Enquirer: 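Can you keep this structure in mind? I'll have questions shortly.
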Protein chains: 2
Amino acid sequence: MNSLQTVEPALDAACCAPSARPVLSAEDARQKALVFKALADPNRLRLLSIVKGEASGESCVCDLTEPLDLGQPTVSHHLKILVDAGLLHREKRGTWAYYSLVPGAMEKTAGLLASL
Amino acid sequence: MNSLQTVEPALDAACCAPSARPVLSAEDARQKALVFKALADPNRLRLLSIVKGEASGESCVCDLTEPLDLGQPTVSHHLKILVDAGLLHREKRGTWAYYSLVPGAMEKTAGLLASL
DNA sequence: CAACTATATCGATGAATGTCAATCTGTGTG
DNA sequence: CACACAGATTGACATTCATCGATATAGTTG
């Protein structure tokens, strides 16, 4: 990080104006990136798609494992990531675990893009 | 493959209905995940934020390296990923390279979430 | 209580990724 | 032409991540 030259450009014009503007803070960026990280996997997108497409609004793991052609532990792992990201809600009823979209989560995520 | 069991549990129904629904295809998912992958890094979010906040609508690399406290090759690498994802536009003028938001790219990305 | 089933967790492994130092490629300037 | 500078590319390295097999946990059935 100390590889900056001490000599000034000495050119007639700087390449552009200084950015003395409120930029996304490192912490904000880290937080927002977590949500996009959760979306940055094809299988997780498909999981969301299946849950969203379910008429009842929820799906159990047994319904999510087959169409993705993934092992059950892997699907469980992806679901945990989506829950941690605040995109999915998990409710256990009896032996089964039901996953549903968190209301407004998608819209909120879309809003993150607009508020960068 | 074992969609139905020979023994019906005492519960009201099987864990859930079969998902005979048009689910996001593997290829579609892979494609959409690429954009979110580009957004899944805090420093890339900050780069977008800086470019977006620039009054002129564009920033050069020299303006992007310092606020992120990253080396120049690293910033260049991140910018390439954002360009490849269709989020940023690159234009070289003289010695400098100027990056600007691709018009409508953010809105289009937000739309991806709604159309899962 | 014992067997079974659905789901979660753990440990390992190979692949992808972020970062940097060094180098290469243009482009402007003496 | 020779040099300096902006930016891209390359290679290496450490970290993260997706996946799987094995196992643990919890609820259900007999």
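All figures in this text were calculated on a predicted structure; none of them were measured in a lab. Note on naming: letters A, B, ... go to the chains in the order of the sequence lines (proteins, then strands), and numbering restarts at 1 for each one.
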Enquirer: Tell me: CG of B/L79 to P of D/dG7, nearest whole Å?
Expert: 10 Å
Enquirer: Please check the phosphate of D/dA8 (OP1 and OP2 only) for any side-chain N or O of B/S76 closer than 4.0 Å.
Expert: yes
Enquirer: For residues 100-116 of chain A, run the donor-acceptor check on the side chains, cut-off 3.5 Å, and write out each pair with its distance to 0.1 Å, sequence neighbours left out.
Expert:
unit_1, atom_1, unit_2, atom_2, d
A/T109, OG1, A/A105, O, 2.8
A/S115, OG, A/G111, O, 3.3
A/S115, OG, A/L112, O, 3.3

Enquirer: Is there a donor-acceptor pair closer than 3.5 Å between any side-chain N or O of A/K37 and the backbone N or O of B/A40?
Expert: yes
Enquirer: Between the protein and nucleotides 14-18 of chain D, list every N/O to N/O distance that falls short of 3.5 Å.
Expert:
unit_1, atom_1, unit_2, atom_2, d
D/dA18, OP1, A/R44, NH1, 3.2
D/dA18, OP1, A/R44, NH2, 2.7

Enquirer: If you round to the nearest 0.5 Å, how far is CG of A/D63 from OH of A/Y98?
Expert: 9.5 Å
Enquirer: Measure from the side-chain N and O atoms of A/R46 to the backbone N and O of B/L24, and report whether any donor-acceptor pair falls under 3.5 Å.
Expert: yes
Enquirer: For B/R90, enumerate each residue passing the salt bridge (Lys or Arg N to Asp or Glu O under 4.0 Å) test, keeping only those at least two apart in sequence or located in another chain.
Expert: none
Enquirer: Can you tell me which nucleotide in D/dG21, D/dT19, D/dA8 comes closest to the side chain of B/V61?
Expert: D/dA8
Enquirer: Would you say A/R90 places a side-chain N or O within less than 4.0 Å of OP1 or OP2 belonging to C/dA8?
Expert: yes
Enquirer: Which part of the nucleic acid does B/K80 contact within heavy-atom distance under 4.0 Å: base, sugar-phosphate only, or nothing?
Expert: sugar-phosphate
Enquirer: Between A/Y99 and C/dA8, is there a side-chain N or O to OP1/OP2 distance below 4.0 Å?
Expert: yes
Enquirer: Nearest to the B/C60 side chain among C/dA21, C/dT7, D/dG7, which nucleotide is it?
Expert: D/dG7
